[in-house]
Number of protein chains: 2
Amino acid sequence: MSVQERKERERAARERLIVATARELAEQQGWDAVTTRRLAERIEYSQPVLYSHFRGKREIIGAVALQGATELAAAVRAATSAADGPRARVAALARAYLDFAERNPAVYDALFELDGGLAYAQEDTPEPLKDAFAALLETLTDVAGDAHPGLFTETFWAALHGLASLTRTGRLPPADTEQRLELIVSRLATT
Amino acid sequence: MSVQERKERERAARERLIVATARELAEQQGWDAVTTRRLAERIEYSQPVLYSHFRGKREIIGAVALQGATELAAAVRAATSAADGPRARVAALARAYLDFAERNPAVYDALFELDGGLAYAQEDTPEPLKDAFAALLETLTDVAGDAHPGLFTETFWAALHGLASLTRTGRLPPADTEQRLELIVSRLATT
DNA sequence: CATCTTGTCTAGCACTGCTAGGATCGGGTC
DNA sequence: GACCCGATCCTAGCAGTGCTAGACAAGATG
């Protein structure tokens, strides 16, 4: 059995390598540059090896997205727990979210822009995604006011996503991001 | 000269045909299905003809986007002008925007999701895009409160785009769209 | 040591956006 | 009306894409 276990370990390690390499390549040159050939070359295996781990490119994007979801949740929780008072925590959450999107554009794309074959907002939604939403919910519930916490969180999230998405694709000038953020926080959140 | 003019007319007509066909194909089967071969076949010309009108596929997407911007501006203006009072006009604007995104998903993608090679929020931004933003600005200025009208419009637009984008890609359940919309309108707009 | 499974690679498919070069058609000139 | 020449269009092809069938070799098992 030890032999089989070793093989499984090696296989798992290679899978992590694939995901890490795809993510790295995407952050460096964008997702368009992440082709199965280039990815295979970078991990020093042939193309078909990728398909013994993932059904296709879409699933690789999905794997990067799940990794990103975990990190996003952690980033949001770290930021909110370091702030005092509901209002300050919401502002910290918003900044942490936009900061994550700016620092990890490819991961953000994998999560919220591209098709990674993941189910969102359903029963079979992967745990990391549920948890990332939960991280938002924890802080935003306190400022939902008379709105349903889940619905409020969805709406607040959508506003943040709109800012992140439009800014990153050059549709909004990046200069006034902070002011837009403060506008969203101050108006959407009930004190 | 008449001959040349006729040729120019025919050429312009063919260009409109290309754009209309690309849009139609995109709405029917998504932008991925809009390949230069399929597009060429539908307009009953060979592929290279496309490149005598547009630099490449990106520019075709851009042409569809510009068409969509004009229609979006018209839709927003029609909706807002039919409502009484600033608050009702804002709600009408938001509904018209989301309605446009839902009815014309491919056009919406061309405008705000894909790369059509257009400049946004700059001096050399095409007129239809500027005008679409102006259509939002006209109504939203009245409810900007103490915020700068332009900045407020950008922020409100981002919130709407977030809703449209996340809903259309299956990241938000479509059921409660109306409630999220009302939340945005009631909290972002000052009465 | 022979066998057989497991894993990997080579080679190839059908498709993509895009382009070079040749053929053909039409208008302008004699 | 005949010719030429330029504009216009198409055939064929390039390099690249995601993905897969089948050959092959290395390893574990008897």
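Note that the coordinates shown come from a computational prediction; the quantities given were computed from them, not determined experimentally. All chains are named by letter (A, B, ...) in the order of the sequence lines, taking the proteins before the strands, and each is independently numbered beginning at 1.
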When the distance from [atom1] of [X] to [atom2] of [N] is rounded to whole Å, what number comes out?
{"X": "B/D32", "N": "C/dG17", "atom1": "CG", "atom2": "C1'", "value": "14 Å"}
{"X": "B/E44", "N": "D/dT8", "atom1": "CD", "atom2": "P", "value": "20 Å"}
{"X": "B/K57", "N": "C/dC18", "atom1": "NZ", "atom2": "P", "value": "8 Å"}
{"X": "B/Y45", "N": "D/dA7", "atom1": "OH", "atom2": "P", "value": "18 Å"}
{"X": "B/E41", "N": "C/dG17", "atom1": "CD", "atom2": "C1'", "value": "17 Å"}
{"X": "B/E10", "N": "C/dC25", "atom1": "CD", "atom2": "P", "value": "16 Å"}
{"X": "B/L50", "N": "D/dC10", "atom1": "CG", "atom2": "C1'", "value": "13 Å"}
{"X": "A/L39", "N": "D/dG18", "atom1": "CG", "atom2": "P", "value": "9 Å"}

message: For a quick check of understanding: with a heavy-atom distance under 4.0 Å over all strands, which category does A/R11 fall into, base, sugar-phosphate or nothing?
response: nothing
- prompt: How is B/R58 classified with respect to the nucleic acid when contacts are heavy atoms under 4.0 Å: base, sugar-phosphate, or nothing?
  reply: nothing
- prompt: Taking all non-hydrogen atoms of both residues, which atom of B/A158 and which atom of A/L166 are closest, and how far apart?
  reply: CA-CD1, 3.8 Å
message: So if I apply the ring pair (Phe, Tyr, Trp, His ring centres under 6.0 Å) rule between B/F112 and each of B/W157, B/F133, B/F100, which one comes out positive?
response: B/W157
- prompt: Got a donor-acceptor pair under 3.5 Å from the side chain of B/R37 to the base of C/dG17?
  reply: yes
- prompt: Can you tell me how far CD of B/E154 sits from CZ of A/R180, rounded to the nearest 0.5 angstrom?
  reply: 4.0 Å
- prompt: B/V49 or A/T35: which one's nearest nucleotide on DNA chain D is closer to the 5' end?
  reply: B/V49
Is [X] close enough to [N] that one of its side-chain N or O atoms is under 4.0 Å from OP1 or OP2 there?
{"X": "B/T36", "N": "C/dG17", "value": "yes"}
{"X": "A/R55", "N": "D/dG18", "value": "no"}
{"X": "A/R14", "N": "C/dT8", "value": "yes"}

- prompt: Which nucleotide sits closest to the side chain of A/Y51: C/dT16, D/dT11, D/dC19?
  reply: D/dC19
- request: Would you please say whether a donor-acceptor pair under 3.5 Å links the side chains of B/Y108 and B/H161?
  value: yes
- request: For the pair B/S186 (side chain) and B/L183 (backbone), establish whether a donor and an acceptor sit closer than 3.5 Å, ignoring hydrogens and angles.
  value: yes
- line: Per nearest nucleotide of DNA chain C, the residue lying toward the 5' end, A/H53 or A/Q47, is A/H53
